[in-house]
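Below is one structure, written out as structure tokens, with a few remarks after it.
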There are 2 protein chains.
Amino acid sequence: MYKPITLKDIALALDLSPSTVSRALRDSYEISKKTKKIVNDYAAGVNYQSNPMAAGLRSKKSKSIGIVVPDLANSFFSQAISGIESIADKEGYHTIISQTKDSYHKEIEVVNHMANRSVDGLIITMSSNTTEYTHLQQMHKSGLPIVFFDRIVDEIDTYKVICNNFESSYKAILQLIENGKKDIAFLATAPQLSISKERMNGYRAALMDQHILWRDELIKFCPSGGSDHSETEFAMKQLMALDQRPDAVFVAGDRLSMSCLRALKKLQIDSDELSIIGFSNVDLIDLLETPISHIRQRAFEMGQISMTMLLKIIEAKYPITDFDTKTIDADIFWAEHLGLDS
Amino acid sequence: MYKPITLKDIALALDLSPSTVSRALRDSYEISKKTKKIVNDYAAGVNYQSNPMAAGLRSKKSKSIGIVVPDLANSFFSQAISGIESIADKEGYHTIISQTKDSYHKEIEVVNHMANRSVDGLIITMSSNTTEYTHLQQMHKSGLPIVFFDRIVDEIDTYKVICNNFESSYKAILQLIENGKKDIAFLATAPQLSISKERMNGYRAALMDQHILWRDELIKFCPSGGSDHSETEFAMKQLMALDQRPDAVFVAGDRLSMSCLRALKKLQIDSDELSIIGFSNVDLIDLLETPISHIRQRAFEMGQISMTMLLKIIEAKYPITDFDTKTIDADIFWAEHLGLDS
DNA sequence: TTGAAAGCGCTAACAA
DNA sequence: TTGTTAGCGCTTTCAA
């Protein structure tokens with residue numbers, strides 16, 4: 001059976017008390033250098049591993065944080081996770097990752113599990129089906145440090161890290177208009193998501209500033225976010241069936257952008273007919289058949305900032321009350337055939 | 001401060017003993033239906049969440065398992081994780097995911113952390129830089145259930161799940177040869193990895209059976225596995241500089257396949273000049289500019305099987321001694337221009 | 001500078 | 001069917 005060395009074992013072997021060993025191992029100021037050396041050497045020799053469950057049970061700290069994202073297969077999230085880990089590693093924090101697959105119930109379950117496992121904090125991107133936040137509000141009120149990332153929740157006051165959704169959308173649409181596009185469709189995932197709203201606001205503002213009329217029929221939502229291709233295909237089919245067809249489509253979602261490409265391929269719609277610009281952090285974007293203009297979020301950097309913010313809360317001596325939302329620029333890349341700079 | 005309801009609180013409120021409450025909550029046969037109902041109703045009312053750290057500390061079980069993969073950004077792994085979770089969810093197990101970024105040291109750290117967090121078992125794909133397994137051997141000897149996945153370790157006797165590396169490689173090469181290719185290069189990641197060896201064996205066997213001479217200069221390794229593009233580019237450049245240039249290349253790695261495509265694009269080598277077939281589980285493969293024949297592993301299924309095997313070990317009444325290695329078929333898809341069936 | 005003792009929240013013998 | 005008691009491995013008062 002699995003029987004690791006315990007702190008007690010060390011105490012016994014070294015004829016010290018458990019508390020001394022514990023303190024020595026944690027490099028407490030009360031312990032003499034000599035004792036510390038003896039203890040640490042012995043511990044290293046027998047490959048002692050402290051048990052975080054026992055430690056956490058007592059001290060309510062675990063030096064580990066939880067990361068909750070909707071989908072690991074989404075490069076935006078995996079890049080962000082790498083950013084989070086780059087900081088966590090440096091600061092000696094472990095990370096525990098879980099995905100919700102955009103399910104509200106899975107999210108609740110995962111968050112509870114992490115909280116109970118005594119993570120010291122949480123970095124979370126909401127599931128797209130989450131419209132009710134009491135599970136998070138409760139934890140947050142109880143003192144669990146939380147940082148929201150990408151998809152944020154207004155109702156909970158804490159640090160939030162998002163990309164410049166409004167501005168980058170605005171800029172993208174503006175550029176399209178200046179390039180002669182007039183009928184720009186808007187394709188988004190779930191309408192209740194913060195990112196959908198912010199991106200739509202950017203779209204709307206650009207149209208208004210350029211005196212282009214808003215057309216309801218050009219707005220389509222695919223709540224599955226592109227995981228259900230038929231949904232995207234249906235939306236695109238509807239758009240292309242309009243009397244006044246769009247000449248461009250702005251896709252406000254990462255997975256959705258690729259789903260949209262696939263739909264266009266299936267519907268045999270050429271990229272000359274319909275320009276497409278979408279949010280995308282896909283690595284392979286340069287290898288795609290159809291050149292696609294895209295807005296690329298600085299996911300790694302966003303992850304790093306999220307972790308930095310979380311650490312700030314965790315290690316704060318006094319509760320923080322003055323939270324803000326970090327907005328990170330995104331980079332726009334124009335497909336070559338449009339002949340535009342990025 | 002964070003002060004969750006404890007089992008004791010419930011016991012106090014209901015004037016029961018903690019053990020009764022504990023048993024009622026866990027639906028023990030010893031407890032009357034009435035008491036169970038009272039307890040469960042009350043617990044639900046106050047939103048009681050059991051503390052798995054305390055439970056785990058005592059019972060040495062946590063109903064959670066660890067998943068360790070090299071890289072979350074690799075679709076093969078994220079698909080496999082989804083497969084693992086599909087079974088874990090059903091059986092009431094939580095999953096804790098970590099990535100090693102193919103670092104040996106990160107792997108050790110992550111595995112230790114998980115073991116200490118009392119995961120009930122581990123599903124792991126080795127880091128490509130791991131050549132020494134004492135950290136795992138130790139845990140395994142101590143009784144931690146482990147299932148190896150994709151990249152396996154001969155030295156440790158437990159369940160292993162891999163794809164049919166030899167056979168699918170053999171079949172792919174055979175097909176290439178039958179299609180007239182004669183100078184088939186072999187591109188792999190780290191040579192010490194089980195997958196590299198198995199795939200090379202398939203390659204070698206097919207050549208031999210078809211009486212094609214083995215040529216050392218057609219074999220190239222890219223230890224970074226495609227994350228360092230310059231490495232791949234250099235290898236491809238070397239290959240194309242040979243007097244007798246290859247007319248096809250077989251890529252024995254997921255990320256490497258895409259890296260290879262990118263290298264060919266950069267070197268402006270047409271797919272007519274050089275056919276490429278590689279392992280790949282990329283979702284977007286149908287949207288790529290260059291049609292690429294590919295071997296697609298049944299990642300989701302492999303994940304499911306891994307989890308099933310792990311559960312078998314975890315829940316075994318008596319230690320299992322008779323382990324085997326599950327080999328799952330892979331599917332070969334031929335790029336259209338080759339005019340072959342899959 | 002070290003040790004003794006209590007207890008974190010839970011489970012599992014053993015008793016009743 | 002329920003309660004009592006001890007203890008998982010560690011940290012943390014408090015005392016020495």
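In the text below, chain A, chain B and the rest are named by the order of the sequence lines, each starting its count at 1. In what follows, every heavy atom counts, from backbone to side chain, and hydrogens, waters and symmetry copies are set aside. None of the values given here were measured: they were computed from a predicted structure.
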Which residues share a ring-ring contact (aromatic ring centres under 6.0 Å, His included) with B/Phe76, sequence neighbours left out: B/Phe149
Residue whose nearest DNA chain D nucleotide is more 5′ - A/Asn51 or B/Asp15: B/Asp15
Please state how far atom CG in A/Leu16 lies from atom P in D/dC10, giving the value in whole angstrom units. 15 Å
At 10 degrees resolution, what angle do the end axes of the helix from C/dT1-D/dA16 to C/dA16-D/dT1 form when each is taken over five base pairs? 40°
B/Asp89 bridged to A/Lys101 by N-O distance under 4.0 Å: no
Measure the distance from CD1 on A/Ile5 to C1' on D/dC8 and round it to the nearest whole Å. 17 Å
Considering all heavy atoms of both residues, which atom of A/Val110 and which atom of A/Ser98 are nearest to each other, and what is their separation? CG1-CB, 3.6 Å
Using OP1 and OP2 only, check whether a side-chain N or O of B/Thr6 sits under 4.0 Å from C/dG9. no
Does any N or O in the side chain of A/Ser78 come within less than 3.5 Å of the main-chain N or O of B/Leu72, such that one atom is a donor and the other an acceptor? no
Atom-pair distance (CG on A/Leu14; P on C/dT2), nearest Å: 12 Å
Heavy-atom protein contacts under 4.0 Å, nucleotides 11-16 of chain C, coded B base, S sugar-phosphate only, - none: BBB---
Might you work through the ring-ring contact (aromatic ring centres under 6.0 Å, His included) test for A/Phe148 and A/His140, ending with a clear yes or no? CA-CA 11 Å; A/Phe148 284 101; A/His140 182 243; 7.9 Å; no
Give a yes/no on whether any side-chain N or O of B/Lys8 is located under 4.0 angstrom from OP1 or OP2 of C/dC8. yes
Separation of atom OH in A/Tyr29 from atom P in C/dT2, rounded to whole Å: 13 Å
Is there a donor-acceptor pair under 3.5 Å between the side chain of A/Gln192 and the backbone N or O of A/Ser128? yes
N/O donor-acceptor pair under 3.5 Å between A/Ser194 side chain and A/Ile152 backbone: yes
Return the value, rounded to whole Å, for the distance between atom CG of A/Asp9 and atom P of D/dC10. 8 Å
Could you state the atom-to-atom distance from CG of A/Leu25 to P of D/dT11 in whole Å? 8 Å
Ignoring hydrogens, what is the shortest heavy-atom contact between B/Ser127 and B/Arg151? Give both atom names and the distance. C-NH1, 3.8 Å
Mind listing the closest non-hydrogen atom pair of B/Met139 and B/His135 along with its distance? CG-O, 2.9 Å
Atom-pair distance (NZ on B/Lys36; P on D/dT1), nearest Å: 9 Å
